[in-house]
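Okay, so here's the structure we're looking at.
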Amino acid sequence: MRKTSGPSPRTPRLRAALVAVAVAAVTGATLAGSPASASPAGAAPATDTTQFKGVNWADPRDNFADDLLQLSGLSTTDTYRQTYAKATRIIAAFRANLGANTVRLPINPYTVDGAYWKSYRGVIDAASDQGFKVIVSYWEGTGARKDGYIDDTATYWPMWDTVVKAYKNDKHVYFEPMNEPHGYTDTEWADIAAEWLSTYAKVPRNRVFVSGAGYNDHVTSVCADPRLKGTYLSLHHYGFWKDYATYDQWVADLKVRIGDCANRTVADEFGAPMTTGLNYDVKTPDDNFVNYVQAVTDTFRELKMGSVYWPGLRTDDTYSIQKLTGTTARPWLATTNQSGADRLAWAWGRGKPVKG
């Protein structure tokens with residue numbers, strides 16, 4: 001995710017915003033990168049991805065960290081048992097409040113390669129034990145390390161060795177080699193993704209999410225690469241990428257990033273302000289974010305694409321569609337914007353269309 005909390009809803013990482021604007025400015029042919037006709041080479045693991053109906057659960061720092069990841073509502077001092085108990089309640093709340101069945105979680109070497117890994121596994125285990133699909137994704141560090149590259153290959157691969165060994169036999173767990181690999185060219189990123197698949201050849205390809213190139217902002221190039229055949233593809237798409245666009249313009253912007261690859265693609269990050277009072281259930285053509293949310297959720301439903309909202313839970317984030325309630329030991333969640341939850345339900349095949 002490229003957005004940070006603050007007084008303005010438009011305070012994403014500057015580089016990300018500039019890149020997104022630049023990408024959006026190019027023609028559809030340039031954005032697509034590879035011809036749509038090439039996409040059958042990356043044969044889909046399924047006819048659609050609607051089984052993924054989810055949310056991201058994030059560290060208040062946006063998951064970019066050079067230390068232990070601490071998901072909102074949890075503590076790095078918690079034992080496995082405490083983590084599992086808290087996570088069980090939060091996962092149950094995602095299901096009860098939103099109808100979610102998928103959660104996307106961050107990992108980094110600091111979290112996986114030390115003693116805290118035993119406790120952090122309580123989150124993954126709690127979700128899996130409730131039948132949730134769990135997408136585990138590598139996040140780079142912060143500061144100078146937040147450059148779109150793997151921070152250190154000497155710790156990156158041992159991290160994945162540990163994670164894959166722990167969960168390769170858990171059918172609920174999916175692996176995403178890197179979040180937003182924007183430091184690499186499309187070809188360089190496809191090479192790394194192919195190396196990951198070769199390294200962990202015993203992991204079924206239909207349990208791997210290959211991020212779209214750049215800021216996960218287009219999947220056409222990875223879709224066309226035959227080495228990545230059989231994997232899911234992850235797309236990110238945000239309303240702050242434009243100051244204003246109409247509903248139709250947002251639909252067009254999204255579709256060109258997907259090309260003919262919808263049957264392999266899951267939008268595992270998309271989001272908009274949820275704590276500022278916007279009503280996403282009513283057409284409001286002069287509001288960019290309303291246009292955006294209605295356009296993308298309609299399109300996900302139309303294309304039979306799974307989607308994972310950013311964020312389901314992140315403390316002090318205006319985009320967060322859930323907030324913590326209850327006690328520290330027994331957390332629960334409340335919905336911050338029911339109309340936003342309505343649009344998620346619509347994207348996931350339930351609910352009602354927007355009002356005229």
Please determine whether side-chain contact (heavy atoms from CB on, under 4.5 Å) holds for the pair Asn263 and Thr49, giving the CA-CA distance in whole Å, both sets of side-chain angles, and the decisive distance to 0.1 Å. CA-CA 6 Å; Asn263 63 344; Thr49 60; over 6 Å; no
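- For the pair Val222/Asp225, no side-chain contact is recorded, criterion being any heavy-atom separation below 4.5 Å from C-beta on.
- Note: the hydrophobic cluster containing Leu98 does not contain Trp332 (ILVMFWY, side chain heavy atoms under 4.5 Å, direct or indirect links).
- Ion pairing of Arg145 with Asp152 is absent here, as no side-chain N (NZ or NE/NH1/NH2) approaches a carboxylate O to less than 4.0 Å.
- Judged as a ring-ring contact (aromatic ring centres under 6.0 Å, His included), and not counting sequence neighbours, the contacts of Tyr292 are His237, Trp250.
- Put simply, the side chain of Ser234 does not reach to within 4.5 Å of the side chain of Val266, judged on heavy atoms.
- For the pair Tyr138 and Ile150, the minimum side-chain heavy-atom distance is below 4.5 Å.
- Not counting sequence neighbours, Ser119 has no partner by the side chain to side chain donor-acceptor pair (under 3.5 Å) test.
- Within the structure, ring-ring contact (aromatic ring centres under 6.0 Å, His included) pairs that include any residue of residues 258-281 comprise Phe270-Phe300, Phe270-Tyr309 (at least two apart or interchain).
- Looking only at atom types and distance, the side chain of Ser211 has a donor-acceptor partner in the side chain of Asn216 under 3.5 Å away.
- Pairs engaging residues 123-139 under the salt bridge (Lys or Arg N to Asp or Glu O under 4.0 Å) rule: none recorded [sequence neighbours left out].
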Take Thr231 and Asn206 through the test side-chain contact (heavy atoms from CB on, under 4.5 Å) and record every step on the way to the result. CA-CA 5 Å; Thr231 62; Asn206 64 359; over 6 Å; no
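- Ala213 and Asp186 get closest at one heavy-atom pair: CB-OD1, 3.2 Å.
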Should Thr50 and Met305 be marked as a side-chain contact (heavy atoms from CB on, under 4.5 Å) after you check the CA-CA gap, both sets of side-chain angles, and the distance that decides it? CA-CA 5 Å; Thr50 54; Met305 279 176 53; over 6 Å; no
Does the pair Tyr215 and His182 meet the rule for a ring-ring contact (aromatic ring centres under 6.0 Å, His included), with working shown? CA-CA 5 Å; Tyr215 288 93; His182 60 90; 4.0 Å; yes
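- Salt bridge status for Glu176 with Arg207: absent, with no side-chain N to carboxylate O gap under 4.0 Å.
- Here salt bridge (Lys or Arg N to Asp or Glu O under 4.0 Å) pairs that include residues 113-122, with residues two or more places apart or in two chains, number zero.
- Asp253 and Arg257 are joined by a salt bridge, as a carboxylate oxygen and a charged side-chain nitrogen come within less than 4.0 angstrom of each other.
- For Gln322, the side chain to side chain donor-acceptor pair (under 3.5 Å) partners at least two apart in sequence or on another chain are Asn97, Thr335.
- Sorted pairs that involve residues 347-356 and meet salt bridge (Lys or Arg N to Asp or Glu O under 4.0 Å), not counting sequence neighbours, are lacking altogether.
- Cation-pi geometry between Arg301 and Trp346 is met: under 6.0 angstrom from the ring centre, within 45 degrees of the axis.
- Side-chain heavy-atom separations under 4.5 angstrom define the hydrophobic clusters, and the remaining members of the one that includes Tyr247 are Val251.
- Below 30°, between 30° and 60°, or above 60°: for Tyr238 and Tyr319 the angle between ring planes is between 30° and 60°, a tilted geometry.
- Screening Val103, Thr83, Leu105, Asp170 for a side chain to side chain contact (heavy atoms under 4.5 Å, CB included) involving Ile124 leaves a single residue, Leu105.
- Tyr156 is linked by a side chain to side chain donor-acceptor pair (under 3.5 Å) to Trp160, counting only residues two or more places apart in sequence or in another chain.
- Listed by chain and residue number, Phe52, Tyr174, Tyr232 satisfy the ring-ring contact (aromatic ring centres under 6.0 Å, His included) test with Phe209 (two or more places apart in sequence, or in another chain).
- Applying the side chain to side chain donor-acceptor pair (under 3.5 Å) criterion to Asn63, with sequence neighbours excluded, gives no partner residue.
- Tyr84 forms part of a hydrophobic cluster together with Tyr80, judged by ILVMFWY side-chain heavy-atom separations under 4.5 Å.
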